[in-house]
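Atom set for the values below is all heavy atoms of this structure, side chains included, hydrogens, waters and symmetry mates excluded. Source: prediction; values computed, not measured.
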Amino acid sequence: MLSAKVSLDPVFRIAPVRRRTFGSFVEHMGRSVYTGIFEPEHPSADEDGFRTDVLDLVRELGVSTVRYPGGNFVSGYRWEDGVGPVEERPSRLDLAWHTTEPNTVGLNEFMRWAGKAGVEPMMAVNLGTRGIQEAVDLLEYCNLPEGTEYADLRRAHGVDKPHDVRMWCLGNELDGPWQVGHKTPEEYGRLATETARAMRMVDPDLELVACGSSNSSMPAFGAWEATVLDAAYEHVDYISAHAYYWERDGDTASFLASAVDMDHFIESVTAAADYVRASKKMTKRVNISFDEWNVWYQRGPASRPPRDSWPVAPRLLEDVYTLTDAVVVGGLLISLLRHSDRVHAASQAQLVNVIAPIMTAPGGKAWRQTTFYPFAQASRHARGQVLRTEIDAPTHTTERFGDVPVVDAVATHDEESGEIAVFAVNRSTTETVRVELDLRGGAEEPRLLDAQTLTSDDPRTQNTEQDPEAVLPRPNPRASVENGKLYVELPPVSWNVVRTA
C-alpha cells in the first residue's frame, strides 16, 4: 500500500467557494431538450411538458446555473423563432448539428423550466450570423419591464415580469472553423466589444463573457485571448474556457491525470488576461468562465446525422460513462475548485442525454450516470472557503504529462459549521493509497463526520438503464482517527469525499 499526506489549514485560503462553479449546460442538440428536459407525453410530465423525474435529478445534482441555448447551436439561432404561440413558430435547419429545430421549446419555456429547477439562467447571444442589434433586442425582451417594443412583446407572450438574466455569453467558440460565423480574433474582439458596449447601455450591471479559445490545442491559443481582451477588456467580466477529455489509445494513466491539463489551461488563460491587464495599467481583473468541460468520446462527422437527413432531436453524443470517467470528472472538479480565485463560473456540458450526468429513455425512466456523483457531492459539500492544500504523494509516469502525483485533492472549510470537506482522487490503477489528512489549525482531536468513496472492482463499470446503480458512492470503512490523526484509504481509481470537524 502506498502512503500520502494532505496538509491544510483553515487560515490559508484560496478564495470563496463559488456556487456558479457548479453550473451546467442545455443546448438544442440531440435529446438534451426534446425527451430530455421536455417530453409532454411522458408519464411524469407536468402541465408545461417538463419531465418531473428529470427536474428531481437536476435538483439532486445541485446545479447552480444553466447555460442556454448553446453551444454551437447559438451561432445560427434566431431567438424570435422560439417565442410567441408555439403553433406559429417556424422549424429551422440547425447547421451546427445537421438537424431540424422545431422551436417547440424556446426562451420563455426554458426560463419557466429554470425557475422550476431552481437554477440561474446564463444566456448566450448569436454573434455568428447576427450581431449587436439582435443581442440588444434579446436583452430588451428578457430584462426590460415594459414600455418598449420587445418588453411589451414578452408581456404579450404571457410573461409580465422580466427574466432579469445577469450573465451573458457573447457568442460561442468563434475561433473554431467549424463554427457558423467563424471569425479572426480581431474581427471577434471588435464585435464582442461593440456588442458589450451596446448591451451595457441597456443594463450597465450585466456580467459579460467573451469567447476564449475553444480548447488549448487551437493554433492561436493564448494569442486569441490576448487579442480579444486587448479590444474588449474594459467591457467584459470573463473570458471563457472550454475543454473536453477522453481516453486516448488505452492510455488510462494520462486520462486519469486530465486535471493536469486543466490546471495548465486555467493558468495560461489567467496569464493572458493578466498580461492585458498589465499592458493597459488597469486594476480590474477579468476572470474565467469555464463554461464547457467534461469527458467526451464521440467526435467528428460520426456524431452528426447523414448529409441527406435533418432529423428532429436524434440521438447524438450519448456517451455512457464508466467509473474511470467519473474519477476524471472528479479530478476536473478539484481543478476548478483549486482555481476559485480566477474561475468564477463553470458549466459542465451537458445536463441531460448529451455527454451528460443524467440520461433518459423516451417515455421511460431517468437515471444517474457514474459522473453524476462527483458533481453532486462536490456541489453539496463544498462550502465556505477553498483551502490551500499541500500534497505529498508518490508519483507515477504518464505518457502525456510525465510524472504526476497519484493523489490529487482540494479542501473547503465552512466557518459557520466548522466542517472541512476534502475531495480526493486516486489516479493509480493498481495501488491503494493510505492518506494522512493533516488538519493544522483545527481541533486537537479531529472528528470524522463521514467518508464516501466511488469505486468499483472493474473501472469500466457503467450505470445503464438496465443497471442504473452499478456504481454508487458508499461509506468508506477504511477512514479512521488514530492517535489524533485522520487517515483514509483510497482504493485504485476512486473519487473520495471525507468530511471532518
Side-chain angles (χ1 to χ4, degrees), residues 1-17 21 256-257 259-260 263 326-327 329-340 373-396 404-428 431-455 473-501:
M1 187 183 301
L2 303 178
S3 297
K5 186 175 183 179
V6 176
S7 302
L8 53 97
D9 189 318
V11 171
F12 299 113
R13 305 168 177 177
I14 294 173
V17 174
T21 301
L256 285 165
V260 172
D263 288 342
V327 174
V329 165
L332 299 176
L333 284 162
I334 287 170
S335 176
L336 292 170
L337 284 166
R338 177 163 51 230
H339 292 94
S340 290
Y373 296 105
F375 189 109
Q377 290 184 310
S379 178
R380 184 179 307 120
H381 298 302
R383 291 288 186 270
Q385 297 284 330
V386 182
L387 304 182
R388 299 191 182 279
T389 55
E390 290 296 326
I391 302 171
D392 181 9
T395 62
H396 65 180
V404 301
V406 295
V407 171
D408 196 13
V410 73
T412 62
H413 176 234
D414 184 352
E415 288 184 285
E416 284 191 22
S417 66
E419 182 177 313
I420 292 174
V422 179
F423 308 94
V425 292
N426 180 357
R427 296 163 167 162
S428 172
E431 299 291 335
T432 296
V433 183
R434 189 171 195 251
V435 177
E436 176 190 341
L437 299 178
D438 184 1
L439 310 176
R440 302 179 184 185
E444 289 186 13
E445 181 81 12
R447 182 163 54 97
L448 178 62
L449 301 177
D450 188 32
Q452 296 277 326
T453 294
L454 186 76
T455 192
R474 301 185 187 280
N476 186 331
R478 301 295 185 180
S480 60
V481 177
E482 302 172 19
N483 300 319
K485 294 183 178 180
L486 181 57
Y487 296 90
V488 60
E489 293 182 14
L490 312 184
V493 191
S494 64
W495 156 263
N496 305 268
V497 183
V498 180
R499 295 165 49 231
T500 181

Do [X] and [Y] have side chains that approach each other closer than 4.5 Å (heavy atoms only, starting at C-beta)?
X    : Y    : value
I391 : D408 : yes
E431 : P492 : no
F12  : T389 : no
V406 : H396 : yes
V493 : L256 : yes
S7   : D392 : no
L449 : R447 : yes

Give, for atom [atom1] of [X] and atom [atom2] of [Y], the distance between the pair rounded to the nearest 0.5 Å.
X    : Y    : atom1 : atom2 : answer
L490 : T432 : CG    : OG1   : 8.5 Å
T21  : F375 : OG1   : CZ    : 9.0 Å
L437 : Y487 : CG    : OH    : 10.0 Å
S480 : L448 : OG    : CG    : 8.0 Å

Going through the checks in order, is the side-chain contact (heavy atoms from CB on, under 4.5 Å) test met by D438 and K485? CA-CA 7 Å; D438 184 1; K485 294 183 178 180; over 6 Å; no
Have N496 and T453 got a donor and an acceptor in their side chains that come within less than 3.5 Å?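 Present: a donor and an acceptor within the cut-off.
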For a quick check under 3.5 Å, do W495 and Q452 share a side-chain donor-acceptor pair by atom type?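 There is no such pair (donor and acceptor under 3.5 Å, judged by atom type) between the side chains of W495 and Q452.
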Where is the tightest heavy-atom contact between [X] and [Y], given as atom of each residue plus distance?
X    : Y    : answer
A259 : R427 : CB-NH2, 4.0 Å
H381 : A421 : O-CB, 3.7 Å
Q377 : V497 : OE1-CG2, 3.7 Å
N426 : P491 : ND2-O, 3.0 Å
R338 : I14  : O-CD1, 3.4 Å
V425 : G331 : CG1-N, 3.9 Å

Is there a donor-acceptor pair under 3.5 Å between the side chain of [X] and the backbone N or O of [Y]?
X    : Y    : result
T500 : P446 : no
S417 : E419 : yes
R13  : D9   : no

Within a radius of less than 6.0 Å around CZ of R434, do more than 12 heavy atoms belonging to other residues, nucleotides or ligands occur?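 Count over threshold, so yes.
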If you count the non-hydrogen atoms of other residues, nucleotides and ligands that lie under 6.0 Å from CD in E416, is the total more than 12?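 No, CD of E416 has 12 or fewer neighbouring heavy atoms, counting only those of other groups under 6.0 Å.
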V422 and L8: side-chain contact (heavy atoms from CB on, under 4.5 Å), yes or no, with the steps? CA-CA 10 Å; V422 179; L8 53 97; 4.1 Å; yes
Go through the steps to decide whether V498 and L486 satisfy the test side-chain contact (heavy atoms from CB on, under 4.5 Å), and finish with yes or no. CA-CA 10 Å; V498 180; L486 181 57; 4.1 Å; yes
Report the C-alpha distance between M1 and V433 in whole Å, list the side-chain angles of each, state the deciding distance to 0.1 Å, and finish with yes or no for side-chain contact (heavy atoms from CB on, under 4.5 Å). CA-CA 6 Å; M1 187 183 301; V433 183; 6.0 Å; no
